Amino acid sequence: MPEQTFQDISEMTYEQALAELESVVQALERGEGTLEETLTLYARGQALLQYCRRLLTEAELKVERLTAAGTAEFPAAGEVE
Amino acid sequence: MQPSLFSFQPTIPTWSVAELTAYIKGLIEGDETLEALWVRGEVSNFKIAASGHAYFTLKDDRAQLQCVMWKTQVRLQRREFLPRDGQQVEARGAIRVYEAGGRYQLYVEMMRPAGEGELYRDFLRLKARLEAEGLFAEERKRPLPRYPRVIGVVTSAHGAALRDILNTLRRRFPLVRVVLAPTLVQGDDAPPQIAAAIRALNERVQPDVILVARGGGSLEDLWAFNSEDVARAIADSAAPVISGVGHQTDFTLADFAADRRAPTPTAAAELAVPDRTDLLANLASLEVRLRRGIEARLEGWRRELVAYELTLKRHEPMARVFSQAQLLDEIARRLENAVRHRLALERSKVDGLAARLEALNPQAILARGYAVVTTASGELVRKPEQAPPGTLLHIKLAEGEVDAETVSSVQAERDEK
């Protein structure tokens, strides 16, 4: 397995994190790499897993409204949904 | 006094108001045509009173007609369609006279929007035209993204549709950013607003998917979603569009043009995003595979290590010394065993010889009751001739000796033969 640098997880979308998690699992299951690489891979998998799980359980729906200038918070302060 | 006023009295009878009204009532209510008819007109002053009855006026450019709808009918009507002021409707009912108010009015049984039949024919014509153009073609349909990040929503900012969509997204997949493009969803201004909202979202937000939605309503209320403008905006949208215009049975042109059609706004939102319950279950199974993966690898290495350890032990120099010593011990033990065995064997041989020797001891024979007889000269007596009567004999017994004299002798028979 080639030496690899990992992307910063906190900037990943759910889809990206999930895709990488799946490839990490597959690589582990194929049994490639040295002990050290394997341990790194496992830690990476755990981090991705926790990130995905946290996204799903802690994310708050962001709602905006299209305005002439761009987008704005919705409902705006005082506006009843 | 004006006598002229009284001069008519004998020839023309005077009616009371009630009598006259009753007379008119009889004329009107005796007319078959007026018993059951459809009237078309524009609704104005539509009001449902506290009693539940509805009062309104039907009018056109030249006349007005007072209308009443009793609350039982209002309740039924409400399920289908309630008119708004200014709307053209067709009302079915009977003309009767309201005596206390001094007027005739239409007692309405039911109403429908005017020109529904014509609207439907227009709809079919437009649909056929857009279909022929390929606007609804299956191959135009775009796949929906699995994990959308930005969802555009075109609907009223105040309706139940928006609330349902937001609730569904929050419940299933709250990691999305929702951008609402608020529009009217009914009335003449709705179609251009809806079409413009779809275009604006595509140009300015580039959402991964767009929901075009409104809550349930009558066919006429959905009419905005049958406009050519809206259908084209949907078909031209860069982002795939899901329609959820709230009608189970009627398909609008928006539905046909959309990439996916849902019966309700909630269902549209469900189509747009995955359900996090499923996603969490999938993550759990990935977690199991991750753990099994690392454990299998580690177990493999552990086994390898154990194998190496064994090989190493076999090749250790001291191990040879130890095993030689063990061999020596083994040999010594075997030697000792052999010696011990041999000694036992010799001992048992000696014991056997001793027993045989003992058996040959004459004293042992005497012990069994035999005796040794000798003459005075010490000669062993074996035959009678050696001791004729009167011979002195010496007899040796096991436990002593006696002297005796021969009285008679007999030759053994065996010897006589």
Side-chain angles (χ1 to χ4, degrees), chain A residues 1 11-76 79-81, chain B residues 145-154 157-158 162-163 165-183 196-197 200-201 203-205 207-208 273-280 282-298 300-301 304:
Chain A
M1 184 174 297
E11 284 171 10
M12 294 174 108
T13 66
Y14 179 83
E15 190 172 16
Q16 287 170 328
L18 183 70
E20 195 188 325
L21 175 57
E22 274 166 353
S23 74
V24 161
V25 167
Q26 281 164 16
L28 264 182
E29 286 174 338
R30 277 197 304 272
E32 294 165 355
T34 63
L35 173 63
E36 200 183 346
E37 282 163 350
T38 302
L39 291 176
T40 308
L41 208 57
Y42 176 72
R44 176 72 175 173
Q46 278 294 346
L48 289 164
L49 184 79
Q50 299 318 325
Y51 175 71
C52 285
R53 195 170 266 156
R54 207 173 59 242
L55 278 187
L56 287 179
T57 51
E58 290 175 14
E60 297 256 357
L61 193 70
K62 282 196 284 288
V63 185
E64 295 159 35
R65 148 186 212 148
L66 204 59
T67 63
T71 61
E73 197 185 328
F74 178 86
E79 192 177 359
V80 181
E81 198 178 324
Chain B
R146 251 189 105 166
Y147 305 103
R149 276 164 292 176
V150 182
I151 295 183
V153 175
V154 178
H158 310 290
L162 178 63
R163 196 192 56 220
I165 287 172
L166 294 181
N167 284 342
T168 305
L169 295 179
R170 212 168 265 135
R171 170 170 55 80
R172 286 172 63 97
F173 195 68
L175 356 170
V176 289
R177 172 178 164 227
V178 177
V179 180
L180 169 72
T183 65
L201 280 173
E203 278 163 26
R204 292 164 47 194
V205 185
D208 300 306
V273 293
D275 189 350
R276 72 168 140 187
T277 313
D278 300 337
L279 299 179
L280 285 170
N282 181 39
L283 284 182
S285 87
L286 280 172
E287 185 175 30
V288 168
R289 285 171 62 193
L290 193 67
R291 202 174 295 143
R292 281 203 193 129
I294 187 85
E295 274 165 12
R297 294 301 320 269
L298 290 178
W301 276 311
E304 227 170 74

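Throughout, protein chains are lettered first and strands after them, A, B, ... in sequence-line order, and every chain is numbered starting at 1. Just so it is clear, the values below take in all heavy atoms, side chains as well, and ignore hydrogens, waters and symmetry mates. Just so it is clear, the model here is predicted, and its values are computed rather than measured.
Residues A:E22 and B:N282 have side chains in contact (heavy-atom distance under 4.5 Å, counting atoms from C-beta outward). Residues B:L290 and A:Q46 have side chains in contact (heavy-atom distance under 4.5 Å, counting atoms from C-beta outward). Contact of the B:L162 side chain with the A:F74 side chain is registered, since non-hydrogen atoms from C-beta on lie closer than 4.5 Å. At least one side-chain heavy atom of B:L279 sits under 4.5 Å from a side-chain heavy atom of A:Y14.
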**Request:** Before giving the answer on side-chain hydrogen bond (donor to acceptor under 3.5 Å, both in side chains), spell out for A:T38 and B:R297 the whole-Å C-alpha distance, their side-chain angles and the decisive distance to 0.1 Å.
**Result:** CA-CA 8 Å; A:T38 302; B:R297 294 301 320 269; 3.3 Å; yes

**Trace of the side-chain contact (heavy atoms from CB on, under 4.5 Å) decision for B:V179 with A:R65** = CA-CA 5 Å; B:V179 180; A:R65 148 186 212 148; over 6 Å; no

**Message:** One pair to check against side-chain contact (heavy atoms from CB on, under 4.5 Å): A:T57 and B:L280. What are the steps and the verdict?
**Reply:** CA-CA 9 Å; A:T57 51; B:L280 285 170; 4.2 Å; yes

**Message:** As a quick check of understanding, evaluate side-chain contact (heavy atoms from CB on, under 4.5 Å) for A:L18 and B:Y147, giving each step before the final call.
**Reply:** CA-CA 10 Å; A:L18 183 70; B:Y147 305 103; 3.2 Å; yes

**Request:** Take B:L180 and A:L66 through the side-chain contact (heavy atoms from CB on, under 4.5 Å) test and state the conclusion after the steps.
**Result:** CA-CA 6 Å; B:L180 169 72; A:L66 204 59; over 6 Å; no

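Contact of B:A181 with chain A is made through backbone and side chain together, with heavy-atom distances under 4.5 Å. A:Q50 touches chain B through its side chain: at least one heavy atom from C-beta onward sits under 4.5 Å away, while N, CA, C and O do not. Of the two parts of B:R149, only the side chain, counted from C-beta on, holds a non-hydrogen atom closer than 4.5 Å to a non-hydrogen atom of chain A. Contact annotation for B:V205: only side-chain heavy atoms (C-beta onward) come within less than 4.5 Å of a heavy atom of chain A. Residue B:R292 does not touch chain A at all, counting heavy-atom pairs closer than 4.5 Å.
The shortest non-hydrogen separation linking B:I294 to A:L28 is N-CD1, 4.1 Å.
Options B:L169, B:I151, B:V176 differ in how many heavy-atom pairs under 4.5 Å they form with chain A, and the most are formed by B:V176. Of the listed residues (A:V24, A:L35, A:L21), the one with the most heavy-atom contacts under 4.5 Å to chain B is A:L35.
With B:R289 contributing its side chain and A:E29 its backbone, the two residues share no donor-acceptor pair below 3.5 Å.
Atom CD of B:E304 sits in a crowded spot, with more than 12 heavy atoms from other residues, nucleotides or ligands closer than 6.0 Å.
The CG atom of A:L49 lies 9.0 Å from the CZ atom of B:R291; values are rounded to the nearest 0.5 Å. If you take CZ on A:R53 and CG on B:L286, they are separated by 9.5 Å, rounding to the nearest 0.5 Å.
Salt bridge A:E64/B:R177: present, at least one basic N to carboxylate O contact under 4.0 Å. A salt bridge between B:R170 and A:E60 is absent, with no side-chain N of the basic residue lying under 4.0 Å from a carboxylate O of the acidic one.
With sequence neighbours excluded, the residues satisfying side-chain hydrogen bond (donor to acceptor under 3.5 Å, both in side chains) with B:T277 are B:D275. Remark: A:Y42 pairs with no residue by the ring pair (Phe, Tyr, Trp, His ring centres under 6.0 Å) rule, at least two apart or across chains.
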